[in-house]
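Heavy atoms only: backbone and side chains are in, while hydrogens, waters and symmetry mates are out.
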Amino acid sequence: MSTLRFHAVKESLNRRPLTVDETKRRSEVFGSNVFNETTMRQYLTKDALKSIMEAIDKGSKIDRVLADHISTAMKEWAISKGATHYTHWFQPLTGATAEKHDAFFETIGDGLAIEKFGGSQLVQQEPDASSFPHGGIRNTFEARGYTAWDPTSPAFIYGTTLCIPTVFVSYTGEALDYKTPLLRALHAVDKAAVAVCKYFDKNVRKVNASLGWEQEYFLIDNALATSRPDIVLTGRTLLGHSPAKGQQLDDHYFGTIPARAMAYMRDLENECMLLGIPVKTRHNEVAPNQFELAPIFEEANLAVDHNSLLMDVMQKVAQRHNFKVLMHEKPFAGVNGSGKHNNWSLSTDTGINLLSPGKTPMSNLQFLTFFINTIKAVQTYEELLRAAIASESNDHRLGANEAPPAIISVFIGAQLTKVLEELESVTKGKLSPQEKTDLKLNVVGKIPEILLDNTDRNRTSPFAFTGNKFEFRAVGSKANCANPMTVLNTIVAKQLIDFKAEVDVLIDEKSMKKDDAIFNILREYIKTSKAILFEGNGYSEAWEKEAKKRGLSNNKTTPEALKVKVSKETIALFENLGVMNPVEVQARYEIEMEEYILHVQIESRVIGDIARNHVVPTAVRYQNILIENVTGLKAIYGDKFKDLAQEQLELIEQISKHIEAINSLVTKMIDVRKKLNKENNLEKKANGYCKKVKPFFEEIRYHSDKLELMIDDELWPLTKYRELLFTR
């Protein structure tokens, strides 16, 4: 095994950056492999183009005859770009993407063949639904499920395959994917936000939720990663002592990008340009061999598709460069983990960002309305928002000093806090002309000036306002953005509906003017949302105590966090807004709990295997070398050997203690696991794996890492942290 380690190190040191062709401007190639509006204008008739654009803008259905024309045009375009196959590309509840490729090729008899792709093949297909996670919605013998074309996300070509973004539903209509609830949530927030926008601008017809994700990841040489069974099977290191130098010098963050990593990034960005993924930013992150890329903001559904596609493309491009991309939220102990910050906002079809102040008091009142309602939504549903980012892997990151804690709070900065304090003092009922003038001129009117120099930043805040958007920082790096975006847009939609109802009551029943009514309701929201606002250190003990006093949840583990997903309030929320029905909500809860159990179970098996089959035999081997040395000293020096072999004898004893501890802990862990595997109650089983199995990991790791420091480096079988993190 040690031979494999040193062979991997040698192989990685001999790598050279690949040459990447960047002769064409990015603006020239951007979206060239996407069946976007520009391409559709070249290939579709006027009626077909109008039909598909109305489907995108209004959600209207596409006539079957026109669907046949669209599919033919799509096929001709794809074949002209070298495509030979097509697939319905979807996002099942595995967290990955899925695809089944079919050739355009069809025989027509007499030894002849044609390329065929009809409207029915474009609009709908029937993959096996029982083999994907379904939470009991489908029985194994009920295999039928449907993928249905989502025209709001354009088809694209990757390699030689035409990929058609689709939703995935069961035979009985329940959503079996991430995209379907997201589309419903986006529709709900669109409808609710438009109704509120009418207070300020009657011309608003549509509101889009936008998303800009920031993808953090580690790049590890493929040979080094493959030499570690834990990385191969779990995506993270379960054992390994921290190197003498980690990230403490802060010399990697925003530093010069290593040559091999730069070649990889350039190649990746070229692929992204072809696929219409508007990546713009790249840089070194805090931990060694950790990096980040981020795109220009897009409509949320398309942004989610692009991030899911990007994670696939990242791995494929990495293979060309002999890299392994690690997207686990905490692949290495002792250095920063990886997140996927979700920057979210709402924009109107009139070109207004609803979370950005404008030039007039009226536009700023509109900004305050959406700003305060978002805070109120987070205050009301903070526990559900925490559940939206819960996973076994993200549990390792949240609260780990470099990341947001498990307590959800909102950071808005000192300047905006002062604005809310001013608004809180608004008189109840009708405002006096002087008060209204003062508010509009000195409070609301000056918001753009306040934000202009607002440089406040809090890296530990899970949900922070950053000038013209909210940044949901607690999302994990390997998560599908659809999950948190579905929850966020749903709770904001619900809050906006409630807000409009309350304002309308004051206008209709109390005869208040619109502005007076809005100010009154916002004032009450500010008072009731104070508990969620926090500006300080997110992972301090003092904040944990303070948060508890404020009544905020602190669900540190996934089994704790997920319980709210099946509460009566959550089920009613999703059902009333048409985002998910009770069956779909329950199914997702069961899938996520089962996924948690399986991840811990796999890690338990892997750490037991490595500890017993790699670490312990190596320790015994080194111990035997020491014993031979002591025996030799005794043969030469007789009774004096104890003075000369004191260190060796102590090492032999310490190694024995660590070996004994490892074997004992692994045996106990296996026994606990066997008992839990017989448990039929999902919640009890998940909590058991969380509280009874996972604690063994750190104990086993402690003894293994101690042995790593004692045993001859030439013998140690596992590629070390210094090699994984500093080989570039």
For this session: Mind running side chain to side chain donor-acceptor pair (under 3.5 Å) on Asn322 and Tyr264 for me, showing each step along the way?
Result: CA-CA 9 Å; Asn322 293 300; Tyr264 165 76; over 6 Å; no
Exercise. Do Asn343 side-chain atoms and Phe297 backbone N/O form a donor-acceptor pair below 3.5 Å?
Worked result: no
Exercise. What pair of heavy atoms forms the shortest contact from Val666 to Ala611, and how long is it?
Worked result: CG2-CB, 4.3 Å
Problem set entry | Distance-only polar pair, side chains of Thr558 and Glu592, donor-acceptor under 3.5 Å | no
Exercise. Could Lys678 and Asp671 be called an ion pair, given the rule that one side-chain N must be under 4.0 Å from one carboxylate O?
Worked result: no
Exercise. If only atom types and distance count, is the side chain of Gln290 paired as donor or acceptor with the main-chain N or O of Glu285 below 3.5 Å?
Worked result: no
Seminar exercise, completed: So CZ of Arg588 and OH of Tyr178: to nearest 0.5 Å the spacing works out to 8.0 Å
Seminar exercise, completed: Note: Thr166 and Asp177 closest approach over all heavy atoms is O-OD2, 4.2 Å
Exercise. Below 4.5 Å, heavy atoms only, C-beta onward: do Leu309 and Asp305 meet side chain to side chain?
Worked result: no
Exercise. Is it true that Lys316 and Glu271 have a side-chain N and a carboxylate O under 4.0 angstrom from each other?
Worked result: no
Problem set entry | Nearest atoms (heavy-atom pairs only) where Ala209 meets Leu186 | CB-CD2, 3.6 Å
Problem set entry | Flag, side chain of Asp150 to backbone of Val167, donor-acceptor distance under 3.5 Å | no
Exercise. What distance do Trp149 atom CH2 and Ile70 atom CD1 have between them, rounded to the nearest 0.5 Å?
Worked result: 4.5 Å
Problem set entry | Donor-acceptor pair, side chain of Thr226 and main chain of Ala223, under 3.5 angstrom | no
Exercise. For atom NE2 of His85, is the number of surrounding heavy atoms from other residues, nucleotides or ligands below 6.0 Å larger than 12?
Worked result: yes
Problem set entry | Donor on one side chain, acceptor on other, Asn554 and Glu560, under 3.5 Å | no
For this session: Determine, stepwise, if the pair Arg184 / Thr180 fulfils side-chain contact (heavy atoms from CB on, under 4.5 Å).
Result: CA-CA 6 Å; Arg184 295 169 183 167; Thr180 305; 3.5 Å; yes
Exercise. If only atom types and distance count, is the side chain of Thr234 paired as donor or acceptor with the main-chain N or O of Arg236 below 3.5 Å?
Worked result: yes
Seminar exercise, completed: So NE2 of His396 and CZ of Phe697: to nearest 0.5 Å the spacing works out to 7.5 Å
For this session: In sequence, state the C-alpha distance, the side-chain angles, and the governing distance for Tyr589 and Glu683, and then conclude on side-chain contact (heavy atoms from CB on, under 4.5 Å).
Result: CA-CA 10 Å; Tyr589 170 75; Glu683 189 175 327; 3.8 Å; yes
For this session: May I ask you to decide if Met485's main-chain N or O and Trp344's side chain share a donor-acceptor pair within less than 3.5 Å?
Result: no
Exercise. Going through the checks in order, is the side-chain contact (heavy atoms from CB on, under 4.5 Å) test met by Lys179 and Leu182?
Worked result: CA-CA 5 Å; Lys179 181 184 270 274; Leu182 174 66; 5.5 Å; no
Exercise. Is there a side-chain contact between Lys685 and Asn680, using heavy atoms and a 4.5 Å cut-off?
Worked result: no
Problem set entry | Atom pair CG/CG of Asn489 and Leu577 - distance to nearest 0.5 Å | 11.0 Å
For this session: Run the salt-bridge test on Arg397 and Glu216 with the 4.0 Å N-O cut-off and return the result as yes or no.
Result: no
For this session: Walk me through it: do Asn480 and Gln91 pass the test side chain to side chain donor-acceptor pair (under 3.5 Å)?
Result: CA-CA 9 Å; Asn480 187 310; Gln91 299 167 45; 2.9 Å; yes
Problem set entry | Any Val566 side-chain heavy atom under 4.5 Å of Lys563 side chain | no
For this session: May I ask you to check whether Ser393 and Glu329 show a side-chain donor-acceptor distance below 3.5 Å?
Result: yes
For this session: Starting from the C-alpha separation in whole Å, work towards a yes-or-no answer on salt bridge (charged side-chain N to carboxylate O under 4.0 Å, His left out) for Glu603 and Lys694.
Result: CA-CA 9 Å; Glu603 289 193 350; Lys694 284 190 78 172; 6.0 Å; no
For this session: Could you go through the ring pair (Phe, Tyr, Trp, His ring centres under 6.0 Å) check for Phe332 and Tyr721 one step at a time?
Result: CA-CA 8 Å; Phe332 301 101; Tyr721 266 35; 5.4 Å; yes
Exercise. Do you know the tightest heavy-atom contact between Gly235 and His328?
Worked result: O-CB, 3.3 Å
Exercise. With side chains defined as the heavy atoms from C-beta onward, is the minimum distance between Leu293 and Phe291 less than 4.5 Å?
Worked result: no
For this session: Answer with yes or no whether the side chains of Glu174 and Asn581 bring together a donor and an acceptor at under 3.5 Å.
Result: no
Exercise. Taking all atoms of both residues into account, what is the closest heavy-atom pair of Gly118 and Ser71, and its distance?
Worked result: C-OG, 3.1 Å
Exercise. So, Lys340 versus Asn307: side-chain donor-acceptor pair below 3.5 Å or not?
Worked result: yes
For this session: State, yes or no, whether a side-chain contact exists between Tyr596 and Cys690 at a heavy-atom distance under 4.5 Å.
Result: yes
Exercise. Without hydrogens or angle criteria, can the side chains of Ser153 and Asn301 be said to hold a donor-acceptor pair below 3.5 Å?
Worked result: no
For this session: For the pair Phe117 and Phe104, name the ring-plane relationship: parallel under 30°, tilted 30 to 60°, perpendicular over 60°.
Result: perpendicular
For this session: Let me see the working for Ser604 and Phe696 under side-chain contact (heavy atoms from CB on, under 4.5 Å), right down to the final yes or no.
Result: CA-CA 8 Å; Ser604 173; Phe696 282 110; over 6 Å; no
Seminar exercise, completed: In terms of heavy-atom contacts, His614 and Pro229 come closest through NE2-CG, 4.2 Å
Exercise. Sub-3.5 Å donor-acceptor pair from the side chain of Arg228 to the main-chain atoms of Thr237, do we have one?
Worked result: no
Seminar exercise, completed: Distance col, row Leu275:CG vs Cys163:SG, nearest 0.5 angstrom, shows 8.5 Å
Problem set entry | Parallel, tilted or perpendicular: ring planes of Phe90 versus Phe168, cut at 30 and 60 degrees | tilted
For this session: Scan side-chain atoms only and decide if Gln586 and Glu590 contain a donor-acceptor pair under the 3.5 Å cut-off.
Result: yes
For this session: Classify the angle between the aromatic ring planes of Trp89 and Phe156 as parallel (below 30°), tilted (30 to 60°) or perpendicular (above 60°).
Result: perpendicular
For this session: Examine distances only and state if a side-chain atom of Arg282 and a backbone atom of Met265 form a donor-acceptor pair shorter than 3.5 Å.
Result: no
Exercise. Do Ile607 and Asp230 come close enough that some side-chain heavy atom pair is under 4.5 Å?
Worked result: no
Exercise. Is a side-chain donor or acceptor of Ser345 paired with a backbone partner of Lys469 at a separation under 3.5 angstrom?
Worked result: no
Problem set entry | Residue pair Leu302 / Pro154, side-chain heavy-atom distance below 4.5 Å | yes
Problem set entry | Spatial distance of atom CE (Met314) from atom CE (Met327) [nearest 0.5 Å] | 3.5 Å
Problem set entry | Minimum side-chain heavy-atom gap Asn289-Leu724 below 4.5 Å | no
Problem set entry | Lys565 side chain vs Ile571 backbone, donor-acceptor pair below 3.5 Å | no
